[in-house]
Amino acid sequence: VGSMECCFVRLTVVRTRDPRADAVQLRTLRLFDGNNLIRCRAFHSAGGDCAEGEDADALMDTSAGAKWRDARIRPVICELGTRRNVDGYAFVTAFDMPECDPVAWALEGTVDGQIWKILDWKVAISDAPMPTSRLTASGRFVVSPMEPRSAVGVRQLRMTILQTRAPTGIDMSSGIGFASSVAGSIGIGDRSVTGAVELAQLRLYDTAHRRVNVRKILCPGSKVFDGHPPSNLIDGRLDTTWVGSRERTCLFLELAEPARSYEASEGNLAEAGMGACGG
């Protein structure tokens, strides 16, 4: 439990109440500084697909029929206008479609708009009870900022996939199995997933090169493919893989001990190399 000074706050929805829902929606997002409700200057959609009247600005509309609805389930950014201390937040459900309510998410904050720090995240439905009734406020969630980088490593980190090996995609429409990982298109069973990324394992190490245990791993905003969840990255097996939609692939990890380096293995069992954890 804590607080953090922010000029911008970003909400990334990881899961909707019905995982098959084709959009996410909210009546509003409320941010708090102590007992004071923070007045937001504006809301912005980070590459979302919103119908007219249902874009991020609707989160500031006071009418009951207003709602933000994004068919791409992309992050939404709250612009505070000035530096404010944020120590809590809450949601209000939209007037319809409870299946589109967010039930798992990551909340981040920044002062300069470039370096984002995790304020809070909810991985499972039990972590974040959302009301099923319409136009109803959730309970207030407390902000729990992640630890800053230390001399011995980091306990929380975000890994963002910037580009796949085949950025323009490859033809896997015949469904002959997986392409070598981090390819532009991956065949799963008898279907093709265009614009996807695949990895078998992600291993993290401390300063003595001992394996570090991962407490939580989630992939906000990325489509979840059956049998290929992010948890496959830490199951110790090379015959299982995680598949994420390349378009918005970002992994959040919470570690049991500080990590200083990492190693990734591809779906074709070839080593992808080692790097240093940068916080």
Original post:
Taking only residues at least two apart or on different chains, which pairs with a member in residues 128-141 satisfy salt bridge (charged side-chain N to carboxylate O under 4.0 Å, His left out)?
Top reply: Asp87-Arg140, Asp101-Arg134
Original post:
Measuring from Thr241:OG1 to Asp239:CG, what's the distance to the nearest 0.5 Å?
Top reply: 9.0 Å
**OP:** Taking the side chain as every heavy atom from C-beta outward, state whether Leu233 and Leu251 have any atom pair closer than 4.5 Å.
**Re:** yes
Subject >> For Arg20, side chain to side chain contact (heavy atoms under 4.5 Å, CB included) partners two or more places apart >> reply: Asp18
Subject >> Cluster link Met4 to Ile38, ILVMFWY, side chain under 4.5 Å >> reply: yes
**OP:** Keeping the roles fixed (side chain from Ser45, backbone from Gly48), state whether a donor-acceptor pair exists under 3.5 Å.
**Re:** yes
Original post:
Can you name the closest pair of heavy atoms from Gly65 and Phe95 and give their distance?
Top reply: O-CE2, 3.1 Å
Original post:
side-chain contact (heavy atoms from CB on, under 4.5 Å) between Cys50 and Asp70: does it pass, once the steps are laid out?
Top reply: CA-CA 5 Å; Cys50 305; Asp70 184 357; 4.1 Å; yes
Original post:
Has the side chain of Thr93 got a donor or acceptor atom that lies under 3.5 Å from a matching backbone atom of Thr136?
Top reply: yes
Original post:
Quick one: CG on Leu29 to SG on Cys78, what's the gap to the nearest 0.5 Å?
Top reply: 6.0 Å
Subject >> Transitive ILVMFWY side-chain link Val212 to Leu199, under 4.5 Å >> reply: yes
**OP:** Name the orientation class of the two ring planes belonging to Phe8 and Trp116 (parallel below 30°, tilted from 30 to 60°, perpendicular beyond 60°).
**Re:** tilted
Original post:
Which heavy atom of Pro229 sits nearest a heavy atom of Gly227, and at what distance?
Top reply: CD-C, 3.3 Å
Original post:
Which of parallel (below 30°), tilted (30 to 60°) and perpendicular (above 60°) describes Trp121 and Phe252?
Top reply: perpendicular
Original post:
Can you tell if the side chain of Leu119 reaches within under 4.5 Å of the side chain of Cys6, non-hydrogen atoms only?
Top reply: yes
Subject >> Contact check, side chains of Val24 and Trp68, non-hydrogen atoms, under 4.5 Å >> reply: yes
Subject >> Heavy-atom donor-acceptor pair, Arg17 side chain to Pro98 backbone, under 3.5 Å >> reply: yes
Original post:
Any chain of hydrophobic side-chain contacts (each under 4.5 Å) joining Met97 to Phe91?
Top reply: no
**OP:** Sorted by first residue and then second, give each salt bridge (charged side-chain N to carboxylate O under 4.0 Å, His left out) pair with at least one member in residues 36-61; sequence neighbours left out.
**Re:** Arg41-Glu79
**OP:** Please report the closest heavy-atom contact between Asp112 and Ile115, naming both atoms and the distance.
**Re:** OD1-N, 3.0 Å
Original post:
Is there side-chain contact between Val243 and Glu198, with at least one heavy-atom pair below 4.5 Å?
Top reply: yes
**OP:** Could you pull out all residues at least two apart from Asp96 that satisfy salt bridge (charged side-chain N to carboxylate O under 4.0 Å, His left out)?
**Re:** Lys67
Original post:
Taking side chain as C-beta onward, heavy atoms only, is Leu107 less than 4.5 Å from Val86?
Top reply: no
Original post:
Does one hydrophobic cluster hold both Leu135 and Tyr89, with members joined at side-chain heavy-atom distances below 4.5 Å?
Top reply: no
Subject >> ILVMFWY network linking Val13 to Phe141, side-chain heavy atoms under 4.5 angstrom >> reply: yes
Original post:
Do the side chains of Val142 and Asp120 get nearer than 4.5 Å, heavy atoms only?
Top reply: no
Original post:
Should Ile77 and Phe43 count as side-chain neighbours, where that means a heavy-atom distance under 4.5 Å?
Top reply: no
Subject >> Which atom of Asn232 lies closest to which atom of His228, heavy atoms considered >> reply: ND2-CA, 3.6 Å
Original post:
What is the distance from atom CD of Glu254 to atom CZ of Arg215, rounded to the nearest 0.5 Å?
Top reply: 6.0 Å
**OP:** Tell me, please, which residues at least two apart from Asn36 pass side chain to side chain contact (heavy atoms under 4.5 Å, CB included).
**Re:** none
**OP:** Indicate the atoms forming the closest heavy-atom contact of Val14 with Cys219, along with that distance.
**Re:** CG1-O, 4.3 Å
Original post:
Should the ring pair Tyr205 and His209 be called parallel, tilted or perpendicular, given that the plane angle runs from 0 to 90° and is split at 30 and 60?
Top reply: parallel
**OP:** Apply side-chain contact (heavy atoms from CB on, under 4.5 Å) to Thr16 and Glu99, showing your working.
**Re:** CA-CA 7 Å; Thr16 52; Glu99 66 273 16; over 6 Å; no
Subject >> Worked verdict on Ser138 versus Val92 for side-chain contact (heavy atoms from CB on, under 4.5 Å) >> reply: CA-CA 6 Å; Ser138 69; Val92 176; over 6 Å; no
**OP:** Kindly indicate, with the supporting measurements, whether the criterion side-chain contact (heavy atoms from CB on, under 4.5 Å) is fulfilled by Asp33 and Arg84.
**Re:** CA-CA 7 Å; Asp33 177 3; Arg84 295 294 302 268; 3.8 Å; yes
Original post:
Nearest heavy-atom pair of Leu31 and Leu37: which atoms, and what distance?
Top reply: O-CD1, 3.5 Å
Subject >> Which residues share a salt bridge (charged side-chain N to carboxylate O under 4.0 Å, His left out) with Arg10, sequence neighbours left out >> reply: Glu108
Original post:
How many angstroms lie between atom CD of Gln201 and atom CD1 of Ile234, to the nearest 0.5 angstrom?
Top reply: 8.5 Å
Original post:
Tell me, do Val214 and Leu202 make a side-chain contact under 4.5 Å, heavy atoms counted?
Top reply: no
**OP:** Starting at CE of Met130, measure out to OG of Ser133 and round the result to the nearest 0.5 Å.
**Re:** 10.0 Å
**OP:** To the nearest 0.5 angstrom, please state how far the CG atom of Asp22 sits from the SG atom of Cys100.
**Re:** 6.0 Å
